[in-house]
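Only one structure is covered here, and it is reproduced in the block below.
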Amino acid sequence: MLQQTTIPHATRYWVDFTARWPRVEDLAAAPDEAVMAAWAGLGYYARARNLLKCARVVADLGGFPETREGLQALPGIGPYTSGAIAAIAFDRPAAAVDGNVERVMARLLAAKGDWAEEKVRIRDEVEALVPDERPGEFAEAMMDLGATLCTPKSPNCLICPLSGLCAARAEGAPERYPIKPKRSAKPKRTGRALILVMDGKVRLERRPDTGLLGGMFALPSTEWDELGGDIAALCRAEGGEADSLAQIGEVRHVFTHFELRLEVWQADAKTRQPGDWRVPEDVHGLPSVFAKAFRLAYPSRPISER
DNA sequence: AAATCGGGGCA
DNA sequence: TGCCCAGATTT
């Protein structure tokens with residue numbers, strides 16, 4: 001959950017998951033749809049599919065591998081996570097290099113080279129620093145140093161235990177590090193989503209397992225590109241009445257590599273297409289972009305007003 | 001090596 | 001608006 005995700009955002013999901021599926025065997029036995037719905041809103045949905053795959057492998061193995069190599073062979077467990085588990089859970093001398101540690105080391109070394117190459121050097125340097133005793137505490141100390149003192153914009157060097165060793169501090173401007181390539185601006189795309197209503201129920205689709213929002217529930221929508229697609233054609237294909245088709249608003253949403261403006265349209269259905277039809281109160285598990293769109297038609301009220 | 005993949009918080 | 005976040009996987 002914490003892969004590229006802040007602790008405040010992930011916490012409520014972690015509480016929910018561990019209460020609902022306390023043991024790895026419980027998660028392994030959970031239906032795919034339940035896990036995907038519980039992950040909705042957390043993003044990077046491949047992580048949810050990998051977590052479930054991982055739980056099933058571990059359940060079949062009868063327990064967790066305890067080495068970095070064994071852990072990294074599991075779905076969704078890469079260099080950082082395998083190192084963190086090996087060190088913290090199993091007391092193995094393994095490095096756990098996350099974004100925090102990369103920043104701490106970039107400053108410590110005043111790393112001026114190509115960032116992709118510097119990341120490799122940083123990993124090697126941290127591997128060499130991992131102690132044989134209490135490697136888990138070393139991993140957490142390095143990450144917490146970055147999270148609490150060696151922060152991205154205004155590092156608190158005055159109380160940093162490493163300030164005397166820090167090359168960036170000696171240069172006088174530690175906040176200049178790490179030096180990363182600038183990102184290009186995100187392209188803008190437009191799409192049109194359809195809230196199709198029949199007998200008080202709304203039609204949902206399931207997106208294909210791979211690609212953007214893979215495996216998640218969704219509102220029917222046109223393709224997302226420069227112009228957006230043909231909403232009238234979509235309405236026809238879904239069995240909606242052309243006369244009832246009307247735009248009710250639009251939402252904006254930022255994805256990893258593009259910005260979306262999604263027009264939200266509504267129509268009445270005349271024939272019931274096969275698929276998932278839900279009363280609004282039963283609509284859960286939508287990823288954020290579709291939750292925003294759905295909320296335009298069915299504003300959710302605070303619990304206190306119910 | 002570069003692209004893909006979410007979402008929200010913050011200055 | 002740009003950058004960041006306890007990255008991993010695919011191309």
Side-chain angles (χ1 to χ4, degrees), chain A residues 1-14 36 39-54 68 71-89 94-106 114-120 122-123 126 136-148 150-155 175-189 207-218 224 251-260 262 285-292:
Chain A
M1 285 180 181
L2 292 175
Q3 289 166 357
Q4 289 289 283
T5 301
T6 56
I7 290 171
H9 188 48
T11 298
R12 66 195 70 178
Y13 290 86
W14 185 85
M36 298 310 290
W39 197 277
L42 194 51
Y44 285 155
Y45 297 97
R47 294 181 301 175
R49 292 191 297 278
N50 284 333
L51 176 65
L52 190 49
K53 271 194 244 172
C54 180
R68 169 195 272 290
L71 288 160
Q72 199 164 327
L74 297 169
I77 308 294
Y80 161 73
T81 309
S82 63
I85 299 173
I88 297 170
V97 182
D98 71 340
N100 290 304
V101 178
E102 285 178 351
R103 183 173 57 255
V104 169
M105 294 300 292
D114 173 81
W115 181 238
E117 295 173 16
E118 294 290 17
K119 282 196 285 189
V120 175
I122 285 169
R123 162 168 288 281
V126 176
E137 289 191 21
F138 175 76
E140 293 195 85
M142 290 292 284
M143 291 190 284
D144 286 342
L145 181 65
T148 62
C150 196
T151 53
K153 297 200 171 172
S154 56
E175 70 282 354
R176 282 207 311 124
Y177 297 90
I179 302 170
K180 299 183 180 182
K182 293 189 173 136
R183 312 175 183 177
S184 51
K186 292 180 182 182
K188 299 180 191 315
R189 298 185 191 173
R207 291 175 67 88
D209 262 351
T210 57
L212 189 70
L213 307 178
M216 301 302 290
F217 277 118
W224 300 348
V251 298
R252 290 171 187 276
H253 193 77
V254 180
F255 290 95
T256 310
H257 53 290
F258 67 92
E259 297 181 11
L260 177 68
L262 185 67
L286 288 178
S288 292
V289 63
F290 291 117
K292 287 181 190 174

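All chains are named by letter (A, B, ...) in the order of the sequence lines, taking the proteins before the strands, and each is independently numbered beginning at 1.
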### Query
Are any of the side-chain heavy atoms of A:Ile88 and A:Glu140 separated by less than 4.5 Å?
yes
### Message
Quick check: do A:Pro79 and A:Arg123 have side-chain heavy atoms less than 4.5 Å from each other?
### Response
yes
### Message
A:Glu118: which residues meet the side-chain hydrogen bond (donor to acceptor under 3.5 Å, both in side chains) condition with it, sequence neighbours left out?
### Response
A:Arg121
### Query
Going by heavy atoms in the side chains, are A:Arg252 and A:Glu259 under 4.5 Å from each other?
no
Could you list, one pair per line, each protein nitrogen or oxygen that sits under 3.5 Å from a nitrogen or oxygen of nucleotides 3-5 of chain B, together with the distance?
| unit_1 | atom_1 | unit_2 | atom_2 | d |
| --- | --- | --- | --- | --- |
| B:dC5 | OP1 | A:Leu212 | N | 3.4 |
| B:dC5 | OP2 | A:His257 | NE2 | 2.9 |

### Query
What pairs with A:Glu137 under side chain to side chain contact (heavy atoms under 4.5 Å, CB included), at least two apart in sequence or on another chain?
A:Arg134
Could I get a table of every N or O pair under 3.5 Å where one atom is in the protein and the other is in nucleotides 9-11 of chain B?
none

### Summary
Residue pairs passing the side chain to side chain donor-acceptor pair (under 3.5 Å) test with at least one member in residues 44-53 of chain A, sequence neighbours excluded, are A:Thr5-A:Arg47
### Nucleotide range of DNA chain C lying under 4.0 Å from chain A heavy atoms
C:dC4 to C:dT9
### Task
For A:Lys186, look at atom NZ and say whether over 12 heavy atoms of other residues, nucleotides or ligands are found less than 6.0 Å away.
yes
### Task
Map A:Lys182 and A:Asn100 onto DNA chain C by nearest heavy atom, then report which one ends up closer to the 5' terminus.
A:Lys182
### Query
Of A:Thr5 and A:Pro75, whose closest DNA chain C nucleotide lies nearer the 5' terminus?
A:Thr5
#### Entry: A:His253/A:Phe255 aromatic ring centres below 6.0 Å
yes
### Side chain proximity check, A:Met1 to A:Trp39, heavy atoms < 4.5 angstrom
yes
### Query
Contact class for A:Ile77 vs. all strands (heavy atom < 4.0 Å): base, sugar-phosphate, or nothing?
sugar-phosphate
### Under 3.5 Å: donor-acceptor pair, side chain of A:Arg68, backbone of A:Ala95
yes
